[in-house]
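Note that the numbering runs from 1 along the sequence shown for the chain. The figures that follow rest on heavy atoms only: side chains count, while hydrogens, waters and symmetry mates do not.
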Amino acid sequence: MAEALRSKTDLAELLKDASLFKQVAYIGGEWVTGGATLAVRNPANGDVIGHIPDLGADATHRAIAAAEAALPQWRAWPAAKRSSLLEAW
């Protein structure tokens, strides 16, 4: 996998399920897009591997607030449940 990341620029090709490769932001249970985007680069070779929305300060504050609101429930779940949720995704 590490060698593939050094040589490939299309990460979706490396995933078993290409729909997992998202180029949007997830804020408060919703996928969010914006007008402007920022390039995401492979640190091994500098190639652009995707783009993410450049949402600005308001969206950043909403994302932080949503994460803070979700943390108590997430923390209360046993590690096995959290693990199974992440693996299912």
Review point. Going only through I, L, V, M, F, W and Y residues with side-chain contacts under 4.5 Å, is there a path from Val32 to Val40?
Key: no
Point to revise | Partner set under side chain to side chain contact (heavy atoms under 4.5 Å, CB included) for Ala39, not counting sequence neighbours | key: Val48, His51
Point to revise | Residues clustered with Leu86, ILVMFWY side-chain links under 4.5 angstrom | key: Trp74, Trp77, Leu85
Check your understanding: Which atoms form the tightest heavy-atom contact between Gly34 and Pro53, and what is the distance?
Key -> N-CB, 3.7 Å
Practice item. Sorted by first residue and then second, give each side-chain hydrogen bond (donor to acceptor under 3.5 Å, both in side chains) pair with at least one member in residues 15-40; sequence neighbours left out. Key: Asp17-Ser19
Point to revise | Side-chain donor or acceptor of Ser83 paired with backbone N/O of Ala79 under 3.5 Å | key: no
Point to revise | Test item: Asp47 side-chain N/O and Ile49 main-chain N/O as donor-acceptor pair under 3.5 Å | key: no
**Study point:** Min side-chain heavy-atom separation Arg75-Pro72 under 4.5 Å
**Key:** no
Point to revise | Separation between CG of Leu20 and CG of Leu15, rounded to the nearest 0.5 Å | key: 6.0 Å
Study note, to complete from the structure: Residues passing the side chain to side chain contact (heavy atoms under 4.5 Å, CB included) test with Ala59, sequence neighbours excluded, are Ile27, Leu55, Arg62
